[in-house]
Structures are given as C-alpha cells and as structure tokens.
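Each remark here refers to the structure printed beneath this line.
Counting convention: from 1, in listed order, for ligands and their atoms alike.
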Amino acid sequence: MAKKDLLRPAVWAGASAGAAAVLAKRMKEKGICPFCELKRIAGKLKLHTEPQHTVGSAAPTPPMGWSSWNLFERNISEDLIVEIADAMEKSGLAAAGYRYVNIDDCWQSSERDENGRLQADRATFPHGIRALAEQVNARGLKLGIYSSNGTRTCEDYPASLRHEAIDADTFAAWGVEYFKYDFCHNKVISEKAPLVSGVELARPGEGVYQSLIPAQAVLQGRARLVKDEKSGRVYLAGLDARQGSFSLNTEAKENCKVTLTLTVKKPADAERFLRLTVNGKEEYHLYAPKMRAPVPDPGDRRMQTMIRLQQGMNTLVFDNPVASRFDSAVLQYRLMGRELRRAARETAEKEGTAEKPIVYSICEWGFNRPWKWGRTAGNLWRTTGDIKPFWASVLGIYERNVLLWKYAGPGGWNDPDMLEVGVGSRLTENECRAHFSLWCMMAAPLILGNDVRAFVKEDGTPDLDNKYLKMLTNETMIAVDQDVLGQQCRRIKAGLQDILVKPLSGARAAVCVFNKARKPARVRLDFKEIANLGFVSMPQKDSYEVRNVWNGGTHIGLSVLTAECAPHCAEVFIIQ
Ligand code: GLA
C-alpha cells in the first residue's frame, strides 16, 4: 500500500472491516460467539446500577466539621484531636455548625487485635477511640473515623474490605458518627461465579437441618444445570457477570441466625464471587479463592457465612451482579453502608441508648461515577482526586464538581474534598474566599482542614480578628450551603468570570460572581433575568432586595447590579 493511502479514512475503514471479519471467523472456529464477546466488552465499560432506596437521613444538609488529613496527615494523636475539639468549641466554630471532628488515616495500629477488630495505635491513641469519642461528645461535637474499601488504607494500615460487618460494629460501639471510606488497595470483585453443587443450612450447635441440591433451585436468566462428566456431579452454572441467578426457599420457625454452607467446584483459574440476597434485603458476599495448584479434577470446597432468617418463608437468591469495575465498587460501597446502618441500629438496641446515625462519606475520587449511585450507598461522595492548598487544585476541582449539580440534594452530596482555607501560605485571602464561596454555592460538605487551634486566644476566647475565622463563620455564607432546598448551584455563564445561581428556600436565590482572571473584573447581573430562569422560584419584580454576603451591605430596590470582583475572588449576593 502506498504511504499516502494510509491517510485515507476509507482505507482504514476497509482494513478494519477486513480485520474484524478475520477475527470473527477465528472466534467462531474456537466456539466463541463474536456478538456475545462484543456485548461483554461493552458491558465492562458500563455501570449497571440496580434500583435501590436512597439512604439520606444522616445528612439532610451538607455535613460540616473538621478533618485531620489536609494539614496534619500522619502526625495525629488523641491529644491533638482533643485540642482540636476544644478549639472548635471555644472558637465558635461548633456554634456556627461545624459538628464533626474527623480522624483521617493513620489512627490505626498496624495489626488488628486478638479478636480481629481494628484497634487504634497504642502509643498515639493510648486510651482508644471510644474514650476519645466521649471527650469529643462532651464538647457537643461528634467523632468521625476513616478506613479504606481495600485490604489496606492509603497509608497502608489495616482496612475494611471483607471486614465490613466487624468494622462497622467496632465503629458503632465506639460511638463514631461519621465514616470516610477511601479506595486505596481496593480489589475488584471477579465477574465469575463458582459452580454450585449444594446449599446447606445449619443452626448453631445443632448441625445441618436443610440440604438443597441444584435440581431444587428455581433458575433465572442463563442459569442452568451442568453435569461434570468425570465426577458425575451436577452443578448450577451460568451465574457469571449478571447473566443468571438461582433461588431457594427456606422456612424459619423464628427470627434466627443460621450458618449457610455452599459447596462449589474449586476454582482453578481465578477467585470467584457469589452474592446471596435474603428476602430482597440483606446481602452477603462469598468469595471462593483460586486454587493453590490447579489439578484436572479438583473436587469441591465449602464456603460459609452466617445469615439472618425471618420467621416464616425466606427467599435466598444467588447471583454475581458484577459485569464491570464500576459494578464492583457500587456493590462494595453499598455493602459497607448497609453494615454501618445495621451496626448503628443494633448498638443502640444493645446499649439501650438513642441511635447514633453514621454519616457515610464515599471517597473513591470519582473513579466509578459515584454521583450516579452514591445516594443509594451513603451521604456524600468525592467527585475528584485530592485537593491541595494551591489555586490550580481548587480551580480544577471546582471546574469538575460544578457540572454535577443535578446529583446533589438533601441526604446525598457531591464532595469536592475538604477545605484548604487557612492551610499553608500559597492560597491568598481572596483565593480562600473564592474557595469557600464556591463550596457553599455547590452545597458541598464543609470539612475544615486547617489548624483551628489558631482561632483561640491564650485566654480561651475566640480570636475574632482572625480573617479565616471570620470567613469560615460567615453566617450568611454558611446558610447558603446549608439551605434546606439542598440544591447545588448551576453555572449560567462560564468564562474568565463565571456566574453561579443557587435557588434558596423562601423564594430567594444566591448569585455568585467568580473571577478566575488575574485582573479585577466588573460583571453585570440582571436579577429579572435570573428570576426568569426555570430552576429559580424567585418572583418576577421590578426591583429586588440584594444582600452582599462578604461586605454585609444590603441594597433595596435593585434590578441590575454591576459586581466588582477582585482577581481570583468571588462575590456572593442573596436576592429576594
Ligand atoms: C486518600 C484520600 C485523602 C486522605 C488520604 C489518607 O488520598 O483521598 O482524602 O484520606 O487518602 O491517606
């Protein structure tokens, strides 16, 4: 082929059609259906969310608090956390709404305890987390903690993947009320399901009381029975990657916990996964490990878990709903959410105390489109990678998060990461003001990252002259973030200067002018035009009352305003 022909699209199209035909032929020769293969590959790029209820009651408005990560990273201790809680109370931050004191990574000991539970570093948190939670609670604040949806945390400490129930129980027993779940050392769940040859149920101390064989199962989708010619055993197959499921019924005389034993063919090639859903509600994850040394006829192995049955008839459905890495993340994050809610409920019942709902913060950096499913698992979801205390980072995160407005709402929030106001010296005061204003306009969780001890004077009173304390406790700005409508702003003009509009309760709106330029800007706002926007419920009037959030001034009788905005800064107005 001539060199110039390589530039012609028709030549490429012809060549790829030819290559595809050859590939399809080869696949057919090997007994592979090319269309099914294409469908499988396309499925790997998709998120297959199953309908689920939202779980928002723990965070009707965006959570507010402080976290140890942005400034202190690995250098944390119980003394620091108590000092921070103290400062939050004394500075007035707590009264302004900042309620959660969140310990991020590095609180853990390097090993679980003798009962398999996570434990705090014995040197830096010598009194343990429960005692620390009590100290934080005594100051009218709530304690938050951190783990990873992986085998280790981002700083390589023990983490919670496949320890969801026991870790949720531990956190609830400690009185934790906020939980951040990171994504380091995650393991993607296998799309393959094991071949199942039997299911047994046993009561504790009594042994097996019910054995079910494959022929008794009700099959759905591609689920089918296959016979192993060598051993003569019959297996349930066709459960891979959402293709099929089987179900069984079992009766229980009372609400009880029983042991479920599944017999499966030992997987030779890779770890395999099966989900069990009981009565459409409770979910159990079962993993069959890959064999150490594959042999031709490996025989069967047992997989066990304790399950809860209700009095009466129970339906057990087995499937593998994972057809992509997205599905894997959703399943894992939802599982932890369910365990946290269960643990909070059961701990309250056991201790005879009021339930402490746990705010559940999903932190998988936006990798698996968490805005699409986050509210069916938890209360907030990080939409981007980690924030850093410099302008390009704040701006980059804003540009991404601002587009996701339709997913935020009461109970479930886009999380553009924690605040860097007052962290380091690279962000100017104006940039900090822009950062804080944008986060409030976007109905973002407001989790401080700075050393709030600097907000308290030596005599224990708040340093009311501190520019960052003033900024972070601006009541009108916080009220924009916390507005009960829970709507994230929409960008109505994008450019060197953005204009953002956030509908507020009481037929009001917040309007923000954000100047990204290095020069001051003047931006004309027409309030009649803004009231005309479909998503704003402000009445049409000849003039409006306009309040400037940052200088506190109020003008009555305005229909247009030219906002003056400093470089890398934001102005916010409340219009009614
Ligand atoms: C990840 C998270 C951060 C922080 C660190 C802790 O990077 O995104 O917010 O929690 O881990 O190791």
Side-chain angles (χ1 to χ4, degrees), residues 59 62-77 80-81 84 98 100-110 118 120-121 124-125 129 143-161 163 167 171 176-187 329 332-333 336 340 358-371 374 377-390 392-394 396-398 400-401 404 413-424 427 435 439 442 444-452:
M64 294 172 66
W66 174 90
S67 157
S68 58
W69 184 253
N70 286 8
L71 184 64
F72 296 97
E73 295 191 346
R74 301 162 191 87
N75 308 310
I76 56 171
S77 65
L80 172 78
I81 301 298
I84 293 285
Y98 297 92
Y100 296 96
V101 180
N102 297 344
I103 318 175
D104 208 278
D105 206 349
C106 303
W107 62 269
Q108 315 84 337
S109 174
S110 61
L118 288 173
D121 184 302
T124 49
F125 291 84
I129 304 296
L143 189 77
I145 214 154
Y146 161 101
S147 187
S148 182
N149 189 355
T151 51
R152 300 245 144 204
T153 69
C154 295
E155 291 289 326
D156 311 306
Y157 288 96
S160 301
L161 183 64
H163 298 277
D167 290 357
F171 301 143
V176 160
E177 293 172 82
Y178 188 108
F179 176 66
K180 172 171 165 184
Y181 206 28
D182 220 327
F183 203 49
C184 284
H185 295 286
N186 176 262
K187 276 181 80 177
Q332 292 165 336
Y333 274 101
M336 190 44 147
L340 290 168
I358 301 173
V359 172
Y360 178 24
S361 153
I362 296 164
C363 175
E364 53 76 89
W365 321 305
F367 277 17
N368 298 286
R369 303 176 204 139
W371 43 89
N379 308 106
L380 55 150
W381 46 88
R382 280 274 296 279
T383 54
T384 68
D386 288 7
I387 196 165
K388 297 279 174 245
F390 53 82
S393 168
V394 172
I397 288 180
Y398 156 76
R400 187 172 162 88
N401 197 72
L404 300 170
W413 311 99
N414 290 317
D415 177 8
D417 208 356
M418 301 172 288
L419 293 165
E420 297 282 17
V421 174
V423 180
L427 284 170
H435 173 23
W439 264 230
M442 294 191 294
L446 300 178
I447 307 294
L448 309 172
N450 61 316
D451 188 350
V452 296

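With hydrogens left out, the protein atom closest to atom 11 (O) of ligand 1 is D182 OD2, 2.8 Å, a heavy atom. The nearest heavy-atom contact from the protein to atom 10 (O) of ligand 1 is D104 OD1, 2.6 Å. Counting only heavy atoms of the protein, atom 8 (O) of ligand 1 lies nearest to D386 OD1, 2.5 Å. Counting only heavy atoms of the protein, atom 12 (O) of ligand 1 lies nearest to D105 OD2, 2.9 Å. The single protein non-hydrogen atom nearest to atom 9 (O) of ligand 1 is K180 NZ, 2.8 Å, given as residue, atom name and distance.
In this structure, F183 falls outside the shell of residues with a heavy atom less than 4.0 angstrom from ligand 1. Using a 4.0 Å cutoff on heavy atoms, E73 does not count as a contact of ligand 1.
No side-chain donor-acceptor contact under 3.5 Å links W66 and N450. Using a 3.5 Å distance cut-off with no hydrogens or angles, the side chains of D121 and Q108 do not pair a donor with an acceptor.
Contact annotation for C184 and ligand 1: no heavy atom of the residue comes within less than 4.0 Å of the ligand. Proximity of T153 to ligand 1, defined as any heavy-atom pair under 4.0 Å, is not found for any part of the residue.
If you take CZ on F125 and SG on C106, they are separated by 9.5 Å, rounding to the nearest 0.5 Å.
Here F179 and F171 bring their ring centres to under 6.0 angstrom of each other.
Note on ring orientation: taking the six-membered ring where Trp is involved, the planes of Y181 and Y360 are tilted (angle from 30° to 60°).
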